[in-house]
Amino acid sequence: MVARYNPSEVEKKWQQKWAEDRLYEVGEGSSRPKWYALTMFPYTSGDLHIGHWYAMAPSDVRARFKRMQGYNVLHPMGFDAFGLPAENAAISRGIHPFTWTMQNVDNMRRQLKSLGAIYDWSREVITCLPEYYKWTQWFFLKLYEAGLAYRGKAPVNWCPRCQTVLANEQVVTGGFCERCGATVSRRDLEQWFFRITKYADELMQYDGIDWSERIQIMQRNWVGKSQGADISFALDYPGVEEKELRVFTTRPDTTFGVTFMVLAPEHPLVAKLTSPERKTEVEDYIALSRRESEVERLSTEKEKDGVFTGAYVVNRLNGESVPIWIADYVLMGYGTGAVMGVPAHDERDFAFAQKYNLPIRVVIAPPEWQGGELEAAYIDPGVMVNSGQFNGLPSQQGIAVVSDFLEAKGYGGRAITYRLRDWLISRQRYWGAPIPMIYCSDCGIVPVPEEYLPVLLPEDAEFRPTGESPLKYCEPFVNTTCPRCSAPAKRETDTMDTFMCSSWYFLRYTSPNCDTAPFDADRLKYWMPVDIYTGGAEHAVMHLFYTRFFIKALRDMGLVDFGEPFARLFNQGIIITQRQKMSKSRGNVINPDEYVSELGADVVRAYLMFIAPWEQGGEWDDSGISGISRWLKRVWNLVLEPYAARVIAENKPSDDKALRDLERITHQTIKKVTDDLEGFRFNTMIAALMEFTNYLIKAKEIGTVADSAWRESVDTLLRLQAPTTPHLAEELWQRRGHGYSIHNQSWPQWDEELAKDEEITLVVQVNGKLRDRITVPVSIAETEAKQLALESQRVKAHLEGKEIIKMIYVPGRLLNMVVR
RNA sequence: GCCGAAGUGGCGGAAUGGUAGACGCGGCAGUCUCAAAAACUGUUGGAGGGCGACCUCCGUGUCGGUUCGAGUCCGACCUUCGGCACCA
């Protein structure tokens, strides 16, 4: 009997040895081709849960596989360390965000080390450290210089009782402040933006990168490009400078159907146009919509309401005067913040017109239309009617014709509008990278000169229980001198959105200690772009979208020579518990630590991969984990209990046959495991390894293959298993007397000839129903196969009294007889 | 409402248009044990039939279609999950 498999002993031993030997540290001087395998770095929330492991274990397995295949693999790890929860911890527990975050980093690093991954810890990146955020700030300055960063007004969630800005997640359902319960309103604040909209079209292109269609669609929807026209309506009010009101529409063909105009409540013309007798009503409405939370206002369930301003515009196409209303279903941030109301051909306008008794004029005739009133808006194509010179034109053609007409007359013309808005990066928070800008009463906005970076976060900022941004009241931080004129000046107190930090962290991994630049250009050139990026699909738009923009901006500044950071993207599914996402607030978090100490990291790694296809994810249920544990114990015993080939008795199957079978299964397994790893099919890869193990156990019992062949197959099993269960494989490799380390071994190759089946099961069907299976040589000829099938008793029973009208023969597969 | 993905045993899941249920969990029976656990062996989709080796029928969300043959392809629908959601 061999000693029992003790995972924690084995794992501790090898993790120590690998670390001492710096086995997984990588450099750029290798003759092997490079492979950059990146996993989304975790946010420093406290501990890693099983969901993190679900993201990390399979990607480590695949990185290890690439390493054994001969690549120089960079598979780094770090921490996304700025963000609101650290600040909340500071407020609620009186612990400094830095302390809280770094404690979490220590704990999470310990957990990550217990996973046994090939992370090169010498390249660790932590975004909240000055040596990192110095360069985040530096990038901000570069974007500012390039004209891609600007200041503008944007609404924030404002709690009137706490007198502070709230993040979206601090506003609870119904629009109340999470902390004090007061109704949250919106307030405009000057904030910093990145001009991501400049890249809107390019961000919809995915040429040369391998990203799932699903993510591409999500990102394209996010950009929300729509084609249509801008139309100018004539305004003529004494004392009002503007002589036109411009709207964007995708349906210029319906312009003759305009019976009213709607402005967003925030539209700058509202105040100017509102007639004195309507003033109170209009102001009340604006106040009301300001108070409403974003969620309420944008709810499609809400009935459309609005108020008349008392003003009118003229539709230049037909000279009609139509009333101007305001309504909160019109959004200031999209198009021009004004909409032409065509109730006959737009569902929202229809509802609005019905409510306020506004005329509904049909200008696109539905099929079979007799000139009667509509029951609902008709939004499909039709023939233009009531449209002057355009009558009789099909509406789809009308879109182009009317656009051209508008253009010719100077009333507007073709236009494209995007749903995408510029990226608002200002956060009224402490725990983020300070925006390196200074406000001088004489010079205006002045960037902090590069040599003064980083703008350090003051350590002694006071965290008031109100939750107000501590930087604003930190005098030593705020008060500075103007870099240009040396007069007293004030610092920007907003910090940057953490998506800014995560937009470039993978560049830093290539040269984490570079202190003269965000990265070393040569080392960056060696590693980038990332060959495979894996992570949760929840980042489909935000992170993955921002970072693409960021890299394109760097490319245009000449800082990098590629426009896409990630050559290939693969999203794994999520692990849920109790039918819900794992989260601390729900209290359904599964910590891997107990499973690791009880069963071993190798077991947890393999189990996570085994439960479902990786891209699917699923419910965490540990009832099946014993299957993996048993498998690894079987491998342990299989490898360590000595093998002895038996002398073959006369009547036993020949030694030769057993050997060929073993060879075939071995090579088939190599092929299957390799293909599955390439295709991220970890669950079937493990099934194949289990089948191989079970086969070897049987072969050992029978004992008819020569020692050398058996040993070779066992060694193959260990190498195939090395990425999945790195500790166990290393231990067994050593115990079999091989050199250290199995992880420096090359990946097994299969021989197509040896993997070929010699015999197959030929399926015989009658009218598509399975009637018999016959074992035949692969090379069997068609006539011979038919002969055998017709001889089968089972088949004969179903041919009784029938006439064979057709035979379908699929070599190596089946024979189907069609009878009547 | 729109976009996307998925529906297969008691459970997780497997299956280039060609043997449905690989692999594993659980169950059942057995070996070992004073006993239990662990481990190992066998068995395990449902219904019916045969003393038996076995045989027959049904079966991949529902209803149709294409095909010699459909879990897989096409159409309609139902359900679940994910994303977006008054974007003019």
Side-chain angles (χ1 to χ4, degrees), chain A residues 4 212-222 224-226 228 247-251 254 262 264 295 297-304 327-331 333-342 345-349 351-352 417-421 537-538 540-541 571 573-574 576 579 581 606-607 610-613 615-631 633-634 637 681 683-694 697 760-773 794 797 805-810 812-819:
Chain A
R4 271 180 57 186
S212 72
E213 197 59 36
R214 192 170 128 246
I215 300 292
Q216 291 186 30
I217 288 167
M218 281 164 81
Q219 293 202 345
R220 284 204 188 94
N221 290 344
W222 191 256
K225 182 176 185 171
S226 48
V247 300
F248 171 76
T249 179
T250 52
R251 296 293 302 273
T254 64
V262 193
V295 182
R297 185 171 160 185
L298 292 180
S299 165
T300 45
E301 307 302 314
K302 195 192 138 188
E303 198 184 341
K304 290 176 186 27
D328 62 11
Y329 78 86
V330 176
L331 310 170
Y334 183 78
T336 61
V339 166
M340 61 184 207
V342 185
H345 307 294
D346 182 281
E347 281 167 19
R348 294 153 301 177
D349 297 346
F352 195 78
T417 296
Y418 299 90
R419 204 187 77 106
L420 179 70
R421 324 268 172 91
E538 65 271 23
V541 270
N571 295 110
I574 50 169
I576 55 170
R579 303 169 57 86
K581 246 185 207 171
Y607 183 58
F610 186 61
I611 46 181
E615 65 268 36
Q616 185 186 303
E619 175 91 26
W620 171 259
D621 171 6
D622 63 12
S623 67
I625 201 167
S626 54
I628 298 289
S629 244
R630 283 176 202 155
W631 168 48
K633 281 180 204 160
R634 284 204 306 274
N637 293 329
R681 291 180 298 269
N683 57 331
T684 48
M685 170 201 70
I686 291 188
L689 288 172
M690 286 174 167
E691 282 182 82
F692 188 37
T693 306
N694 294 345
I697 290 169
I760 50 119
T761 305
L762 185 75
V763 171
V764 184
Q765 297 182 334
V766 178
N767 282 349
K769 287 196 171 163
L770 174 80
R771 293 306 175 193
D772 201 3
R773 304 164 222 241
R794 283 179 250 243
I805 51 174
K806 205 172 171 185
M807 275 209 210
I808 286 134
Y809 180 65
V810 182
R813 284 251 168 222
L814 90 165
L815 180 67
N816 186 13
M817 298 183 222
V818 186
V819 301

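To find a chain, count down the sequence lines: A is the first, B the second, and so on, and within it residues start at 1. Just so you know, these numbers use all the heavy atoms, side chains as well, and skip hydrogens, waters and symmetry mates.
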Select base, sugar-phosphate, or nothing to describe what [X] touches, counting heavy atoms under 4.0 Å on all strands.
X	value
A/Ser226	sugar-phosphate
A/Asn694	sugar-phosphate
A/Glu619	nothing

Where do N or O atoms of nucleotides 16-19 of chain B meet protein N or O atoms at under 3.5 Å, pair by pair?
residue: B/U16; atom: O4; partner: A/Arg813; partner atom: NE; Å: 3.1
residue: B/G18; atom: N2; partner: A/Gln765; partner atom: OE1; Å: 3.4
residue: B/G18; atom: N2; partner: A/Asn816; partner atom: ND2; Å: 3.4
residue: B/U19; atom: O2; partner: A/Arg773; partner atom: NH1; Å: 2.0

Which protein N or O atoms sit under 3.5 Å from an N or O of nucleotides 52-57 of chain B?
residue: B/C55; atom: OP1; partner: A/Arg794; partner atom: NH1; Å: 2.4
residue: B/U56; atom: OP1; partner: A/His798; partner atom: NE2; Å: 3.1
residue: B/C57; atom: OP2; partner: A/Arg771; partner atom: NH1; Å: 3.3

Check your understanding: What form does the base of B/G9 take, syn (within 90° of 0) or anti?
Key ->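 Here B/G9 takes the syn form, which means its glycosidic angle is within 90° of 0.
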Write down the distance separating the [atom1] atoms in [N] and [M], rounded off to the nearest Å.
N	M	atom1	answer
B/A20	B/U72	P	14 Å
B/C84	B/A14	P	27 Å
B/G83	B/A88	P	22 Å

Which residues share a side chain to side chain donor-acceptor pair (under 3.5 Å) with [X], sequence neighbours left out:
X	value
A/Arg419	none
A/Thr684	A/Asp676
A/Arg634	A/Asn694

Practice item. Can you run through RNA chain B from 5' to 3' and write each base as (, ), [, ], | or . depending on how it pairs? Watson-Crick or G-U wobble, both distances under 3.5 Å. Key: (((((((..(((.....[....)))((((((.......))))))(((((....)))))..(((((..]....))))))))))))....
For [X], enumerate each residue passing the salt bridge (charged side-chain N to carboxylate O under 4.0 Å, His left out) test, keeping only those at least two apart in sequence or located in another chain.
X	value
A/Lys581	none
A/Arg773	none
A/Asp346	A/Arg348

Distances under 3.5 Å between nitrogen or oxygen atoms of protein and nucleotides 37-46 of chain B:
residue: B/A39; atom: OP1; partner: A/Arg630; partner atom: NE; Å: 3.4

Within the sub-3.5 Å range, which N or O atoms of nucleotides 78-84 of chain B have a protein N or O partner, and how far apart are they?
residue: B/C84; atom: O3'; partner: A/Arg419; partner atom: NH1; Å: 3.3

Point to revise | Nearest-neighbour nucleotide for the A/Phe610 side chain, B/G24, B/C87, B/A15 considered | key: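 Ranking B/G24, B/C87, B/A15 by closest atom to the A/Phe610 side chain puts B/G24 first.
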Check your understanding: Counting heavy atoms not belonging to A/Gln216, are there more than 12 under 6.0 Å from its CD?
Key ->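 Yes - once you tally the heavy atoms of other residues, nucleotides and ligands closer than 6.0 Å, there are more than 12.
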Review point. Does A/Tyr607 have any ring pair (Phe, Tyr, Trp, His ring centres under 6.0 Å) partners at least two apart in sequence or in another chain, and if so, which?
Key: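 In terms of ring pair (Phe, Tyr, Trp, His ring centres under 6.0 Å), with neighbours along the sequence ignored, A/Tyr607 is linked to A/Trp620.
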